[in-house]
Participant: 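Take a look at this one; I'll ask things after.
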Amino acid sequence: MTALGKDLIGLEYLSAEQIELILDTAEPFKEVSERPIKKVPALRGKTIVNLFFEASTRTRISFEFAEKRLSADTVNVAAQGSSVQKGETLVDTARNLEAMRIDMVVIRHQSSGAAQFLAQRIRSNVINAGDGKHEHPTQGLLDLLTLRDRFGRIRGLKVAIVGDVLHSRVARSNIWGLLKLGAEVAVCGPATLLPRKIEELGVTVLPRVEDAIQWADALNVLRLQLERMQAGFIPSLREYNRVFGVTTERLARAPKDLVILHPGPMNRGVEIDSDVADGPHSVILPQVTNGVAVRMAVLYLLAGGSPDWAQAAGRGEER
Amino acid sequence: MNGILIRGGRVIDPSRGFDEIADLYLLDGKVEAVGRNFGTPPDAMVLDATGQVVAPGLIDLHVHLREPGQEELETVATGAMAAAAGGFSAVCAMPNTDPVCDNQGVVGFVKAQAQRAGKARVYPIGAISLGQKGQQLAEFGELVGAGAVAVSDDGKPVASSHLMRTALEYARTFGIPVADHCEEPTLAEGGVMHEGIVSTRLGLKGIPAAAEEIMVARDILLAQLTGGHVHLCHISTRGSVELIRRAKEQGIRVTAEACPHHFTLTHEACEGYDTNAKMNPPLREPEDREAIRQALTDGTIDVIATDHAPHHYDAKEREFDDAPNGIVGLETALGLAITELVETGLLDLPGLVARMSTVPARIFGLPGGTLAVGAPADVVVFDPALEWVVRPEQFYSKSRNTPFRGRRLVGRATVTVVRGQVVFQRGC
Amino acid sequence: MPTRTLLLDDRAIGRALARMASEIVERCGGTDDLVLIGIQRRGVELAERLKQLIDRAEGARVPVGKMDITLYRDDLQVVGPRPVVGETSLPNLDGKTVVIVDDVLYTGRTVRAALDECADFGRPRRILLCVLIDRGGRELPIRADIVGATVNTVDSDRVDVLVRELDGRDAVELVRSG
């Protein structure tokens, strides 16, 4: 069945039909953001908590806009670190939220599996805004929507994900979403930053970024974090840019008009050159716009009444 | 002391190649007679073992009893009771307690607690290094004198090869094995499960098989260099099995153990971020599980040990990254071994009893593992066909952290005798 | 066994729409500042047809928009799986005479939602309601200004409006449960 269930934990757990439902639902929400009054009463009276254990300005703001444009009441909670560090376990946090009768929780956490952990313990809808290295489903969805806007389809598209795939939840969500909708996916980066057995998920491994540029219709360029150099995965950011950077010179040799995506925030001059990020091939800003629409769609679809209400109501007509 | 007559069971004693329906008579804490038709001695307690197996009490070379220091998780007494309920007449307790068992005070304390409890025997294992800090050798002489039967820094690996070498050499003086938790720390650091396709899917940092194999290889080479006896704890990879096999072919003094979870589960058990599947070494791939099973069949891995690791519910009820490693195992080991190894034809019952009793006694130099006349009266009676469902609420252990909740198993201990006393009887 | 009765055939619908188109022009005093808004789904097709009729009769080019009221429904929290949201695109409404067009007027809740949504888009000078079928059963104080036909129904009835653009034929049918 297409309806989404209680939570959005990851694209791995959704069917192609469900993913398409979300993308199709996002379309009318794009229009809402263009109106003079960017608000519809669809989630009026719902309380939503943005529970962010990792600092994130852009994702949190995007969710906040999505929630407010649907007329929901939102509360931002910036929680500290891991359960061990802050002294209140995730279980207790979950129970407290449930005791306050929160309708929905948007959670970002540094541990993989945290979103599922929360979802299994509270009745509220749980939306994963990024859990450790596991998934960032709304980012995957907005990337899909952006590609679909540009190319009219996902099936048969060749998308290369370039960068630190090992530590990237964005990469994993993209891989699941793209494969389920019929795209061909490749990953490209230094071998130290590619996960074990990644090919078994159904993706091709391309050793050099030049190969990716030759092959792909679109590149999704991942952010490279300074910590990776400090942890010894790569010798330096400078070398990373020289060998793997998506630069204007490299793109000039592309056989097609490559579309460039980036989940942000960008390290200009490291994984991507400014000219590329600001250039005509970049869809980085449309990604941001689509982000609000996709998140509105997800909130709208998840906030549907509980299944027993659906049976009691029965109709579904607009009279 | 009155005697115990265990009548009509299938008596299996791998130490003498004995496997027959027979009666077993225990008197004054020793095996008095094995055979048939010697009537019923006066004042003897009679236990009917028809349809069941009568074997030397099981011996677990690797448990964590958490006392002193974490008595809320387990104590020597509750651990010894859980062991008895699992069919074990003896366990060896690892020293990573608080304080660490690196001096005669703690060794003596653990032994005294075990004596007070009067259930399974508890043999303390002393630490290799003071505080298990990996720097300075503990006083093996003092530890052995107080009753330690081996040394180990388990919980942690011995990172320094120099320390491991010294420990192996020094331990030769006392004729004790050095047991190592094989894990190369820089490779394993931060890892929470096996590095493979499942860790890639779940977005969790993995521990590659090589982290164990590097240390297995190192320990084998050091055993060869020093002539010492190295005992490799909880082997989990096919690479390790290969290395051990070749080492034994060369006559190097290496022995090895494997845990029931490593011959039963794979890293797939971590799906859904189930923290009861989080242990160290981690659950590995199906090919590794196969290799472990094969190694138990052909003796490359000498014994089954549980690495019984009690943890509190709260501790496991956490994000996967933060949850502690380990599961309890004393009360499920026999059932898992029979279900996964005997029922599948990989081992016969005498082979199983060897792996869980006779061989552990032999390689650690412990009494037991035999039903020869004059041997200590440590006996287990178990029903190899009894079907049961694992219900952690019924465990004698204080802790409930197991991935086997609800699992149907075949085979369970019904009576455990230690020093000629019945310390456990199911249904009582 | 439910019975299906044909209330209006395609020619009756055509006649009704023609009359409604001229009534709209009459009530609005011409086509200046007139805007038609069709409510998804079939109101959209009807609004488009009314626009064609008015344009031809008056030599005008009346702006027509489409509106999906799903997000403004008052029962959104109760309905189970979320209804699909259709397209909304509206011309400027400020100071205009807006005629909301829908196929069937029943409880009035759709129209209430449409009024709320209009208010979020601008401030029309005047809003009128035009429906093909008024089936009674109002739950809110809402009335139609221009009506194609009135039908008496009970709650268990259903009135189906079919349009050739979506359903292959034009018809209005009453479905009564047996």
Side-chain angles (χ1 to χ4, degrees), chain A residues 9-13 53 81-86 88-95 107 109-121 128 130-137 165-173 175-176 187 194-203 205 227 231-233, chain B residues 184-213 237 239 266-278 282-288 311-325 401 403 405:
Chain A
I9 301 301
L11 297 188
E12 181 184 358
Y13 315 111
F53 290 83
S82 73
S83 305
V84 177
Q85 284 167 347
K86 69 179 169 60
E88 183 180 48
T89 63
L90 191 51
V91 181
D92 284 334
T93 304
R95 294 203 184 118
I107 176 172
H109 196 285
Q110 66 276 5
S111 282
S112 303
Q116 183 163 349
F117 183 91
L118 193 69
Q120 283 167 345
R121 286 159 181 76
N128 183 7
D131 64 329
K133 303 193 298 285
H134 175 230
E135 285 224 40
H136 190 356
V165 179
L166 178 62
H167 297 96
S168 171
R169 50 194 173 214
V170 172
R172 280 172 182 76
S173 290
I175 288 171
W176 292 118
V187 294
L194 295 180
R196 288 278 277 170
K197 309 256 178 117
I198 186 83
E199 328 75 58
E200 284 187 28
L201 293 184
V203 308
V205 176
E227 302 90 84
F233 286 97
Chain B
E184 201 291 306
T186 64
L187 276 184
E189 190 185 341
V192 297
M193 66 172 289
H194 174 64
E195 185 183 285
I197 182 63
V198 177
S199 70
T200 291
R201 262 217 308 279
L202 295 178
L204 293 171
K205 184 163 206 291
I207 301 172
E212 175 175 297
E213 291 154 9
T237 83
T266 67
H267 58 168
E268 301 280 344
C270 299
E271 290 283 1
Y273 301 94
D274 185 359
T275 56
N276 279 317
K278 183 177 180 186
L283 300 171
R284 303 273 189 192
E285 296 168 13
E287 294 84 344
D288 298 304
H311 284 294
H312 199 276
Y313 167 80
D314 278 345
K316 283 289 202 178
E317 181 74 347
R318 276 213 181 125
E319 304 93 289
F320 201 91
D321 282 336
D322 292 342
N325 286 309
N401 48 318
R405 173 187 296 275

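Keep in mind that what you see is a predicted model, and the values were worked out from it rather than measured. Every heavy atom of this structure was used, including side-chain atoms; hydrogens, water molecules and symmetry mates were not.
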Participant: Hey, would you say the A:F117 and A:H109 ring centroids sit under 6.0 Å apart?
Facilitator: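 For A:F117 and A:H109, the ring centres are not under 6.0 Å apart.
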Participant: Under a 4.5 Å heavy-atom cutoff, which of B:E317, B:E195, B:K205 has the most pairs with chain A?
Facilitator: B:E317
Participant: For the candidates A:L201, A:I198, A:V165, which exhibits the highest count of non-hydrogen atom pairs separated by less than 4.5 Å from chain B?
Facilitator: A:L201
Participant: Is there side-chain contact between B:F320 and B:L202, with at least one heavy-atom pair below 4.5 Å?
Facilitator: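 A side-chain contact is absent here, since even the closest heavy-atom pair is not under 4.5 Å.
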Participant: Taking everything shown except A:E200 itself, do over 12 heavy atoms lie less than 6.0 Å from its CD?
Facilitator: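 More than 12 within 6.0 Å, yes.
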Participant: Please check if any side-chain donor atom of B:E213 sits under 3.5 Å from a side-chain acceptor atom of B:T237, or the reverse.
Facilitator: yes
Participant: Below 4.5 Å from any heavy atom of chain B, which atoms of A:R169 appear? Answer side chain, backbone, both or neither.
Facilitator: neither
